[in-house]
K.L.:
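Dropping a structure here in structure tokens format, bear with me for questions.
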Amino acid sequence: MNTRKKLTSFEEAVLPHLDAAYNLARWLTRNDADAHDVVQEAYLRAFRFFGGFNGMDGRAWLLGIVRNTSYTWMQQNRSPGQSVPLDDEIYEIESNELNPEALLQQTADSKMVREALEQLPVEFREVLVLRELEEFSYKEIAQITALPIGTVMSRLARGRKRLQQVLTKGKSVEV
Amino acid sequence: MSCHTAQELIHGYIDCELDGQQTAEIERHIHECKGCGGIYRNQLTLSSALRDTTLYFKAPEDLKRRIRTSLQIEAKTETTNKHFGWGWSLMAASLAVVLIATTLWKFAPSFRASSSDGLVAHEVLADHIRSLQLTSHLTDVLSTDQHTVKPWFNGKIDFSPPVRDFADHDFHLYGGRVGYLNNRVVATLVYQRRGHFINLYIWPVETTSNAKESSMQLQGFNLIQWTNSGMTFWAVSDLNSMELQEFVRYVQQ
């Protein structure tokens, strides 16, 4: 493929997914400037690897690269210990004790939902963003994150439980 | 179906990932079991709250423009590499190295026995001259935008050099490249003032102590070297020493 042709077909297949790329990078890095640089770097990498792109879903393919670039970026630019996963045992709760009306009230405030999602450890945050905001199937999420489908499922379940807990905990502090 | 199984399957149900039989079973269970029904409704509430469009970060306007620019630079680099060919550039580069090394060896005996810094200085100068002999050698990434140049280094080198533009002070960021000096891969930033090029070489060093700059003159070129934050810096140019000092001040700020 000559370079001009490659650039044209790359722009057609991959550039339309810029919002998805930025959304994922922004949720992973939690910072505008970092997301900016990560996306730019990811696009360059994607262009270099474009020969290996076989016409499958361009959005899923790109987001796999964005995810890897984000992780590399976070490793290089952050002091360790900023994203230590919380101990599961402490945070697992029986969610059937929670009152649906209280949760409904909390989730009506999107700022609160945003903050709760930002607080989650990155491994839960990423599957939730891919599932709820990008509406990928479990299979596609497994492909993007290079995780087994079973892990995707259990991270989604645990991520949602934690999110619910963070939201309702905020409520009890407030009252 | 037990409550334990049901609570595991609720997420698959919300995400429409269950088969027909599982779907029928879970629907019956959450209808009959008050506890699991409550969990289901809570998770459903949460799921729809996350689909709120205000949670979606849309890409800023200027990002697309920037990406297009850096893609065009990248495409141009690929074309140049293809046309020029690795063989030729390598041959030209090694020829230049041999020539310069021989010249230095013959005509600069005073430096032959000097410290390792002196040897590095000659290596740095040789690279500076080589970068100016073939314009294709000057930059791998040609951009005046620090946000294009800095991410370009990612994945090519194992450290993160500081990249800033000093256009306000008439030292314009011109681009960057990756090279090999002092037995390691180094980052090189290229700046320009009135047609004079400055090569700023950066690589990490083991010492953490900072060293004040030392300057020298070789074959009419000015060189300034210093160490800061675990990285060593060499600025080389045919600019006069006053202006090169001025440049170094801005880099150090």
Side-chain angles (χ1 to χ4, degrees), chain A residues 2-4 6-7 10-11 15 18-19 21-27 32-33 35-41 43-45 47-48 69 72-73 76-77 95-100 103-104 106-108 110-111 113-114 117 128-129 131-133 135 137-139 153-154 156-157 160-161 163-164 167, chain B residues 3 7-12 14-17 33-60 62-64 66-80 82 141 147-148 150-155 158-160:
Chain A
N2 76 46
T3 311
R4 181 144 297 285
K6 179 182 165 188
L7 187 61
F10 179 83
E11 289 197 341
L15 216 51
L18 180 60
D19 278 338
Y22 186 77
N23 183 50
L24 180 63
R26 178 62 181 73
W27 274 109
D32 285 328
H36 216 275
D37 288 346
V38 161
V39 170
Q40 205 167 338
E41 166 68 13
Y43 264 93
L44 271 186
R45 283 196 201 178
F47 184 67
R48 284 176 203 141
T69 313
T72 315
W73 188 269
Q76 282 175 354
N77 294 284
S95 39
N96 52 356
E97 290 165 13
L98 296 164
N99 168 3
L103 183 68
L104 197 64
Q106 289 306 102
T107 52
S110 63
K111 188 170 159 269
V113 178
R114 177 189 298 270
L117 186 54
L128 279 167
V129 168
R131 174 63 215 150
E132 306 285 21
L133 275 67
E135 302 186 22
S137 70
Y138 287 5
K139 197 176 150 199
M153 268 198 235
S154 71
L156 261 175
R160 281 176 176 149
K161 272 192 199 169
L163 193 61
Q164 184 182 342
L167 280 165
Chain B
C3 288
Q7 285 173 25
E8 271 182 3
L9 290 179
I10 276 175
H11 297 279
I14 291 173
D15 296 326
C16 307
E17 296 267 351
C33 171
K34 209 176 151 227
C36 293
I39 293 176
Y40 166 67
R41 279 186 294 279
N42 276 341
Q43 292 301 338
L44 205 59
T45 308
L46 201 58
S47 178
S48 48
L50 286 172
R51 283 161 194 245
D52 185 331
T53 48
T54 61
L55 292 182
Y56 202 99
F57 289 101
K58 282 219 154 64
D62 63 327
L63 185 56
K64 190 175 196 166
R66 278 202 180 154
I67 286 173
R68 289 197 108 122
T69 313
S70 58
L71 285 175
Q72 265 151 17
I73 294 166
E74 180 72 16
K76 215 179 264 174
T77 319
E78 275 187 17
T79 318
T80 322
K82 259 184 213 163
V141 53
H147 296 293
T148 303
K150 187 167 171 78
W152 179 85
F153 281 111
N154 270 318
D158 58 356
F159 58 100
S160 184

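Throughout, a chain's letter reflects where its sequence line sits, starting with A, and its residues are numbered from 1.
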K.L.:
So A:Q164 and B:N42, do their side chains get closer than 4.5 Å, heavy atoms only?
P.N.:
yes
K.L.:
Could you tell me which of A:R160, A:M153, A:Q40, A:R48 has the largest number of non-hydrogen atom pairs under 4.5 Å with chain B?
P.N.:
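Winner by heavy-atom pair count: A:R160.
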K.L.:
Would you say B:P60 and A:Y22 make side-chain contact, with heavy atoms under 4.5 Å?
P.N.:
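With C-beta onward as the side chain, the pair touches.
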K.L.:
Could you give the distance from CG (A:D32) to CZ (B:F57), rounded to the nearest 0.5 Å?
P.N.:
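Result: 7.0 Å between the selected atoms.
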K.L.:
Please classify the contact of A:S154 with chain B as side chain, backbone, both or neither, using a heavy-atom distance under 4.5 Å.
P.N.:
neither
K.L.:
Nearest 0.5 Å, what's the CD-NE2 distance between A:E41 and B:H147?
P.N.:
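A:E41 atom CD to B:H147 atom NE2 measures 14.5 Å (nearest 0.5 Å).
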K.L.:
For B:S47 and A:E132, does a side-chain donor sit closer than 3.5 Å to a side-chain acceptor?
P.N.:
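Per modelled atom types, B:S47 and A:E132 side chains form a pair under 3.5 Å.
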K.L.:
If you count heavy-atom pairs within less than 4.5 Å of chain B, which of A:V113, A:V129, A:V39, A:L44 leads?
P.N.:
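The option with the most such pairs is A:L44.
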K.L.:
Nearest heavy-atom pair of A:D19 and B:A59: which atoms, and what distance?
P.N.:
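Closest approach of A:D19 to B:A59: OD1-N, 2.8 Å.
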K.L.:
What's the spacing between B:D15 CG and A:L156 CG if we round to 0.5 Å?
P.N.:
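That separation rounds to 6.0 Å.
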K.L.:
Would you kindly check if the NZ (Lys) or CZ (Arg) of B:R66 is within the cone defined by 45 degrees around the ring axis of A:Y43 and under 6.0 Å from the six-membered ring centre?
P.N.:
no
K.L.:
Relative to chain B, which segment of A:R4 carries a heavy atom at a distance below 4.5 Å: side chain, backbone, both, or neither?
P.N.:
neither
K.L.:
For residues B:L71 and A:F47, report the shortest heavy-atom separation together with the two atoms involved.
P.N.:
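Between these two residues, the closest heavy atoms are CD2-CB, 3.6 Å.
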K.L.:
Taking side chain as everything from C-beta outward and backbone as N, CA, C, O, which of these in B:D62 sits under 4.5 Å from a heavy atom of chain A? Side chain, backbone, both or neither.
P.N.:
side chain
K.L.:
Of all of A:K139, A:K111, A:E135, which one pairs up most often with chain B through heavy atoms under 4.5 Å apart?
P.N.:
A:E135
K.L.:
What heavy-atom pair brings A:L7 and B:A75 nearest, and what distance separates the two atoms?
P.N.:
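Closest approach of A:L7 to B:A75: CD2-CB, 4.2 Å.
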K.L.:
Check whether B:N154 gets within reach of chain A through its side chain, its backbone, both or neither, counting any heavy atom under 4.5 Å.
P.N.:
both
K.L.:
At a 4.5 Å cut-off on heavy atoms, which part of A:L128 comes close to chain B: side chain, backbone, both, or neither?
P.N.:
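Only the side chain of A:L128 comes within 4.5 Å of chain B.
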K.L.:
State the CD1-CD distance between B:I67 and A:E11, to the nearest 0.5 angstrom.
P.N.:
10.5 Å
K.L.:
Of the listed residues (B:L46, B:I14, B:L55), which shares the most heavy-atom pairs with chain A below a 4.5 Å separation?
P.N.:
B:L55
K.L.:
Measure B:T148 against the heavy atoms of chain A and call it side chain, backbone, both or neither at under 4.5 Å.
P.N.:
both
K.L.:
Quick one: of B:K34, B:K64, B:E8, who has the most non-hydrogen atom pairs under 4.5 Å with chain A?
P.N.:
B:K64
K.L.:
Nearest 0.5 Å, what's the NE2-CZ distance between B:H11 and A:R131?
P.N.:
12.5 Å
K.L.:
If I take atom CZ from residue A:R114 and atom CG from residue B:D52, how far apart are they, to the nearest 0.5 angstrom?
P.N.:
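It is 8.5 Å, given to the nearest 0.5 Å.
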